[in-house]
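Encoded as structure tokens, the structure appears first; notes follow it.
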Amino acid sequence: MFTKKLEIDPLALRIACYTGGAGAFSVFCRWLQLQIAFNEDGLPDPSFWNIAVPLVILAAGFLFLRFVDQFRNERYTVSSDFSVALYNDGRFYNLIRWLLGGMMAVGSLALLASCETDPNALFYRIEAAVGVLAGVSFPLCLREANEESPRYRRACLCSAAPILLFAVWLVTCYKVNSINGILWAYAIEIIAGCFTLMAFFYAAGFPFCSPSPWRSLFFSMFGAFLCLTCLAEERYFGQQLMLLSSAGMLMYYNWVIIANFRRKSAEKPIIPDDGFERL
């Protein structure tokens, strides 16, 4: 069994700081856009911020791609074994797992309590129910990675819950904005939902024994960044808490994968068995 004790990894900490910092800057830009680029009737006017926000998102995506390329160029590798790639044992990690899962569950219950009078209450209720399931499943899934004999079926079922959550989230967002002609009002949320769903999909590849580590790293960074960006918009408090929890879950996945990095040994050049070549 893999028994390495995880500590505060400087590389994982640096990536977490970059992701959180980029998300905070993007929240500020999105908030300025919502405050300045919309008139009194709630309609978007031509504004610098309508260009700045997409540029910030594209710049963040490019930055995260560069990080992934840097990892590969520095000969880091990620194990395809679920128990090795996502090993996260220790009290600190256990506390963070359950804190993030609890935050998701509390946000889902808050959404359920506040959407009773909403015309789309049925969609929000389904979203809240799946959110509670995702909150409970997250720590259970990652706990299996610490077991000597992981129960892969349980881990697979648990890892599928966040994917289902954001599939329902996208459907709900589409239904709520089906008659909304202002694209800027919901475009960022749609993009964030798509990338976050993909991030949890690639994270689920580890328990499903079909991992794609580099894509998982990129989508987790970008998905967490977009979830933070969406916090500048107005929505139910429960949904805000769910987005914040999702960003934390994806940053946690990133942290654990990076903390379990290994380096490939340098390959020795092959010298031909030829006297002239040796000379």
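Just so it is clear, the values below take in all heavy atoms, side chains as well, and ignore hydrogens, waters and symmetry mates.
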Quick one: does [X]'s side chain get under 4.5 Å of [Y]'s, heavy atoms only?
| X | Y | result |
| --- | --- | --- |
| Tyr174 | Leu170 | no |
| Val176 | Tyr124 | yes |
| Leu109 | Val132 | yes |
| Leu243 | Leu228 | no |
| Ile15 | Leu217 | no |
| Leu157 | Arg154 | no |
| Thr172 | Asn120 | no |
| Val27 | Phe225 | no |

(message) Restricting to salt bridge (charged side-chain N to carboxylate O under 4.0 Å, His left out), what partner residues turn up for Asp81, sequence neighbours left out?
(response) none

(request) For Glu189, enumerate each residue passing the salt bridge (charged side-chain N to carboxylate O under 4.0 Å, His left out) test, keeping only those at least two apart in sequence or located in another chain. (result) Arg235

Following the transitive rule for hydrophobic clusters with a side-chain heavy-atom cut-off under 4.5 Å over Ile, Leu, Val, Met, Phe, Trp and Tyr, establish whether [X] and [Y] coincide in one cluster.
| X | Y | result |
| --- | --- | --- |
| Val136 | Leu241 | no |
| Leu100 | Leu133 | no |
| Ile126 | Leu111 | yes |
| Met104 | Phe123 | no |
| Leu226 | Trp184 | yes |

Please round to the nearest 0.5 Å and tell me the distance separating atom [atom1] of [X] and atom [atom2] of [Y].
| X | Y | atom1 | atom2 | answer |
| --- | --- | --- | --- | --- |
| Leu11 | Arg14 | CG | CZ | 5.5 Å |
| Cys115 | Tyr236 | SG | OH | 6.0 Å |
| Met103 | Ser246 | CE | OG | 10.0 Å |
| Met242 | Cys230 | CE | SG | 13.0 Å |

Surrounding [atom1] of [X] (heavy atoms of other residues, nucleotides or ligands, distance under 6.0 Å), is the total greater than 12?
| X | atom1 | result |
| --- | --- | --- |
| Glu116 | CD | yes |
| Tyr186 | OH | yes |
| Tyr152 | OH | yes |

(request) Consider only side-chain N and O atoms of Asn146 and Arg143, and report whether a donor and an acceptor are under 3.5 Å apart. (result) no

Taking the side chain from [X] and the backbone from [Y], do they hold a donor-acceptor pair closer than 3.5 Å?
| X | Y | result |
| --- | --- | --- |
| Ser108 | Ala129 | no |
| Glu127 | Trp169 | no |
| Glu147 | Ser83 | no |
| Ser26 | Gly23 | no |
| Thr77 | Arg262 | yes |

What pair of heavy atoms forms the shortest contact from [X] to [Y], and how long is it?
| X | Y | result |
| --- | --- | --- |
| Ser220 | Ser216 | OG-O, 2.8 Å |
| Leu231 | Gln240 | O-NE2, 3.0 Å |
| Ala185 | Glu233 | O-OE1, 4.4 Å |
| Cys141 | Ser159 | SG-CB, 3.9 Å |
| Cys173 | Asn177 | O-ND2, 2.9 Å |
| Val53 | Cys29 | CG2-O, 3.8 Å |

(request) Please determine which of Phe64, Phe67, Phe25 meets the ring-ring contact (aromatic ring centres under 6.0 Å, His included) test together with Tyr18. (result) Phe67

(message) Using the ring-ring contact (aromatic ring centres under 6.0 Å, His included) definition, which of the options Tyr87, Trp255, Tyr76 pairs with Phe261?
(response) Tyr76

(message) Run the side chain to side chain contact (heavy atoms under 4.5 Å, CB included) test on Leu86 and Leu142 for me, step by step, so that the C-alpha distance in whole Å, both residues' side-chain angles and the decisive distance to 0.1 Å come before the verdict.
(response) CA-CA 7 Å; Leu86 296 182; Leu142 284 163; 4.2 Å; yes

(request) Look at Asp69 together with Arg72 and state whether they make a salt bridge at an N to O cut-off of under 4.0 Å. (result) no

Give the table of side-chain donor-acceptor pairs shorter than 3.5 Å for residues 194-215, with sequence neighbours excluded, one pair per line with atom names and distance.
| from | atom 1 | to | atom 2 | distance (Å) |
| --- | --- | --- | --- | --- |
| Thr196 | OG1 | Ala192 | O | 2.6 |
| Tyr202 | OH | Arg215 | NH1 | 3.4 |

(request) Assess whether side chain to side chain contact (heavy atoms under 4.5 Å, CB included) is satisfied between Phe48 and Ile36, documenting all intermediate values. (result) CA-CA 10 Å; Phe48 161 77; Ile36 297 174; over 6 Å; no

(request) Determine, stepwise, if the pair Tyr253 / Ile258 fulfils side chain to side chain contact (heavy atoms under 4.5 Å, CB included). (result) CA-CA 9 Å; Tyr253 270 120; Ile258 294 172; over 6 Å; no

(request) For side chain to side chain contact (heavy atoms under 4.5 Å, CB included), just list the numbers for Asn254 and Leu250, CA-CA rounded to whole Å, side-chain angles, deciding distance to a tenth of an Å, and then say yes or no. (result) CA-CA 6 Å; Asn254 256 331; Leu250 294 178; 5.9 Å; no

